[in-house]
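Because the structure is predicted, anything quoted here is derived from the model rather than measured. The residues of the chain are indexed from 1 along the displayed sequence.
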Amino acid sequence: MIVPTVPDVGATPAVTEAILSLLGPAAEPALAAAFQSLDSAVTPDAASRQQAIETALTQAASEISSIPAVRDALAQQLIAAWQTISDQAATLTDRYNQLEESGLVATQGNIVRVDVNGLFSEVIANPAIYGISNTAGMACPTGVSASVCTSSTPGFSSAQSYLFADRLHPSPAVHALIADYIQSVLDAPLQVAALTQSPLAMVRDVHNTLDGHLQQQRHRPASAGQLTVFGGYAGQHSNSKGDAWNDGDATTASMALGLGYQVTENWQAGALLSTANQHQQPSSRYDYRLRGNLVALWSQLSILDQGWINTDIHYADLDFDDIERQVKLGPATRTEQGNTGGKLLGLRVQTGWDLPLGSYVTTGPVASYALDYARVGGYQEQGNSSSAMRYYDQTTHSQIGSVGWRIDTQQLPVNPWAQVSYNHQFGDTDSPVTAGLKSTRTSFSRSGEARDENWLDMAVGANVPLGQTVSAFAAVSAVGASVNIMKSPGMWV
């Protein structure tokens, strides 16, 4: 349910009309003179708006008396009355909005509270950036409601872009501005939901490096008691074509360094440390950077010389920096910024069976199960504009099962390999995000479109022995529309 705040009634032309209507028989010419002045004024800021209203009330006073002293005294009385009533109306507006806010909070409903009052104040303070030139007058003639007023109505003014259509209601251009504003508030949780997906990209980078090392070890194992040092670079570039919140690109990069210890002839265990840097732009109006450090403990066990099983557990500490959300407001675009942190914890189990096809080639089935839990901390966007939002913690659970087929080569100067896998996401594929405006106390939750439950990924790579103690490995993989590139050298000591 969308519930806007009420704009400041004290800032409407209705206050000027109300004061001048008390002038009795002189009210009609006074109104005409005042709004002729107001409608032609240019009000680029709040100070010029105040001056335009004072000038208009002075013009109204001149319709009552041409004697300068009387005119000036009456003008001062009108200006003082306007200021008093305007301030009282503003106070009543604030009180109404506060009472309404308290009632909405008490319902504990899924309330989208939008601060139209705050937006109006921003437009009055700097109307030009929103395409508005006049914030004091109105396009329709006095006494004609916007519900019946058109551009062909006698007395209609098209000389400027007005904030008000009539004594109380916004012009069509401002209605469009309000629509943009409400849409931006509705969209914000769907944009922020992208934050929970980037840690999973970080894990894929790490697994690319680790898998390259483990593949080498299966075909060129170390002796019991030996220590292996390996490391490398892994990166991804993805282009997504989905809904409005998943129609951008992302670039990730990570550096990893690992140690492996050959416990027995068939069992190796070790640890890996990785640092990652990502630039994510899920859509044209939302982007951020992720920097994180991940540590993993892993193990590989060979079974009957043909089978193998790998396990790893991993933990990452995450920093989301330079989060930018662009808000379109008519011709204007503003940027809301923020920062937050997060955590990731996960595990993965892989297994496979190698069927020999001669001395140099093996092939066989592979399967894996991966479970990851990511939490992104809640945060508030900087500043106190009417569009600045606050977000609560969000979490995502990723459970992916995979089955596929692999072909490997060994004992060659260059040993290529390839693998294709079918993946399935178990459980929920979307995570709701709860948010609200900083200027309000209500909150609401939205869930985006569910992500794909099933997909294929394909990978090709090679490892190259560089003597007895050093090997290099590299791989390229494609997942849907994403391309992941990984190159890593390894060394046995």
Side-chain angles (χ1 to χ4, degrees), residues 101 104-105 108 110-115 118-119 122 181-203 244-246 248 250-252 275-294 315-329 333-346 372-398 428 430-448 451:
E101 184 90 3
L104 293 171
V105 171
Q108 298 183 347
N110 197 32
I111 305 296
V112 184
R113 183 70 157 160
V114 288
D115 190 9
L119 177 65
E122 292 163 355
Y181 170 66
I182 294 175
Q183 190 68 57
S184 74
V185 176
L186 281 171
D187 293 345
L190 303 181
Q191 294 171 297
V192 173
L195 294 177
T196 58
Q197 296 308 302
S198 50
L200 303 180
M202 178 181 178
V203 172
W245 322 123
N246 188 28
T251 302
T252 76
T275 182
N277 190 328
Q278 299 183 15
H279 179 219
Q280 299 270 352
Q281 189 175 22
S283 69
S284 60
R285 295 184 185 174
Y286 192 75
D287 67 276
Y288 62 93
R289 291 189 177 276
L290 169 65
R291 296 177 177 87
N293 297 304
L294 181 146
Y315 169 82
D317 186 72
L318 311 169
D319 289 312
F320 298 90
D321 300 322
D322 304 325
I323 305 172
E324 294 189 345
R325 180 176 65 94
Q326 293 187 350
V327 179
K328 179 181 179 297
L329 297 172
T333 299
R334 69 172 60 160
T335 300
E336 301 290 356
Q337 298 178 317
N339 301 284
T340 188
K343 308 290 182 184
L344 179 136
L345 181 65
D372 284 284
Y373 169 84
R375 182 189 68 82
V376 176
Y379 72 98
Q380 296 191 27
E381 292 172 333
Q382 300 165 5
N384 295 301
S385 71
S386 64
S387 55
M389 302 279 292
R390 52 187 165 81
Y391 307 95
Y392 292 80
D393 290 358
Q394 55 174 310
T395 60
T396 186
H397 297 82
S398 174
D428 295 335
D430 63 338
S431 300
V433 178
T434 301
L437 285 171
K438 289 177 64 177
S439 58
T440 69
R441 292 184 289 143
T442 60
S443 60
F444 66 100
S445 297
R446 291 200 69 189
S447 296
R451 299 184 297 275

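With no hydrogens or angles considered, a side-chain donor-acceptor pair links Asn293 and Thr275 at under 3.5 Å. Residues Thr396 and Tyr373 have side chains that never bring a donor and an acceptor to within less than 3.5 angstrom of each other. With no hydrogens or angles considered, a side-chain donor-acceptor pair links Ser387 and Glu336 at under 3.5 Å. Between the side chains of Gln191 and Asp187, no donor-acceptor pair of N or O atoms lies under 3.5 Å. Side-chain N/O atoms of Glu122 and Ser386 include a donor and acceptor closer than 3.5 Å.
Here the straight-line distance linking atom CG of Leu195 with atom OH of Tyr288 works out to 5.0 Å at 0.5 Å rounding. The distance from the CG atom of Asp321 to the CG atom of Asn277 is 9.0 Å, given to the nearest 0.5 Å. To the nearest 0.5 Å, atom OG1 of residue Thr335 and atom CD of residue Gln326 are 4.5 Å apart. Between Leu290 atom CG and Ile323 atom CD1 the span is 9.5 Å, to the nearest 0.5 Å. Note that NZ of Lys343 and CG of Asp317 are 3.5 Å apart. Values are rounded to the nearest 0.5 Å.
Counting heavy atoms from C-beta on, the side chains of Leu190 and Val433 never come closer than 4.5 Å. Taking the side chain as every heavy atom from C-beta outward, Met202 and Leu318 approach each other to under 4.5 Å. Thr333 places none of its side-chain heavy atoms less than 4.5 Å from the side chain of Val327. Counting heavy atoms from C-beta on, the side chains of His397 and Asp372 never come closer than 4.5 Å. With contacts defined as side-chain heavy-atom distances shorter than 4.5 Å, the pair Arg375/Asp393 qualifies. No side-chain heavy atom of Phe444 sits less than 4.5 Å from a side-chain heavy atom of Thr434.
Formation of a donor-acceptor pair under 3.5 Å by the Asn339 side chain with backbone atoms of Asp322 is found in this model. Using modelled atom types, no side-chain atom of Gln394 and backbone atom of Gly377 make a donor-acceptor pair closer than 3.5 Å. Counting only distance, with no hydrogens or angles, the side chain of Arg446 and the backbone of Leu186 share a donor-acceptor pair below 3.5 Å. Put simply, the side chain of Asp319 never gets that close to the backbone of Gly292: no donor and acceptor are under 3.5 Å apart.
Between Gln278 and Ser198 the shortest heavy-atom distance is NE2-O, 3.0 Å. Nearest heavy atom pair, residue Pro199 against residue Phe320, reads CG-CZ, 4.2 Å. The two atoms that bring Arg113 and Thr440 nearest to each other are CG-CG2, 3.3 Å, heavy atoms only. Thr252 and Ala201 get closest at one heavy-atom pair: CG2-CB, 4.2 Å. Pro189 and Tyr391 get closest at one heavy-atom pair: N-CE2, 4.5 Å. Here the closest non-hydrogen pair linking Arg390 and Thr442 is NH2-O, 2.6 Å.
With respect to the salt-bridge test (charged N to carboxylate O, under 4.0 angstrom), the residues Glu381 and Lys438 do not qualify.
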Exercise. After noting the C-alpha distance and the side-chain angles of Arg334 and Leu329, does the key distance pass the side chain to side chain contact (heavy atoms under 4.5 Å, CB included) rule?
Worked result: CA-CA 8 Å; Arg334 69 172 60 160; Leu329 297 172; 3.5 Å; yes
For this session: Assess whether side chain to side chain contact (heavy atoms under 4.5 Å, CB included) is satisfied between Thr196 and Thr395, documenting all intermediate values.
Result: CA-CA 7 Å; Thr196 58; Thr395 60; over 6 Å; no
For this session: Walk me through it: do His279 and Asp287 pass the test side chain to side chain contact (heavy atoms under 4.5 Å, CB included)?
Result: CA-CA 8 Å; His279 179 219; Asp287 67 276; 3.8 Å; yes
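Under the ring pair (Phe, Tyr, Trp, His ring centres under 6.0 Å) criterion, Tyr392 pairs with no residue at all, not counting sequence neighbours.
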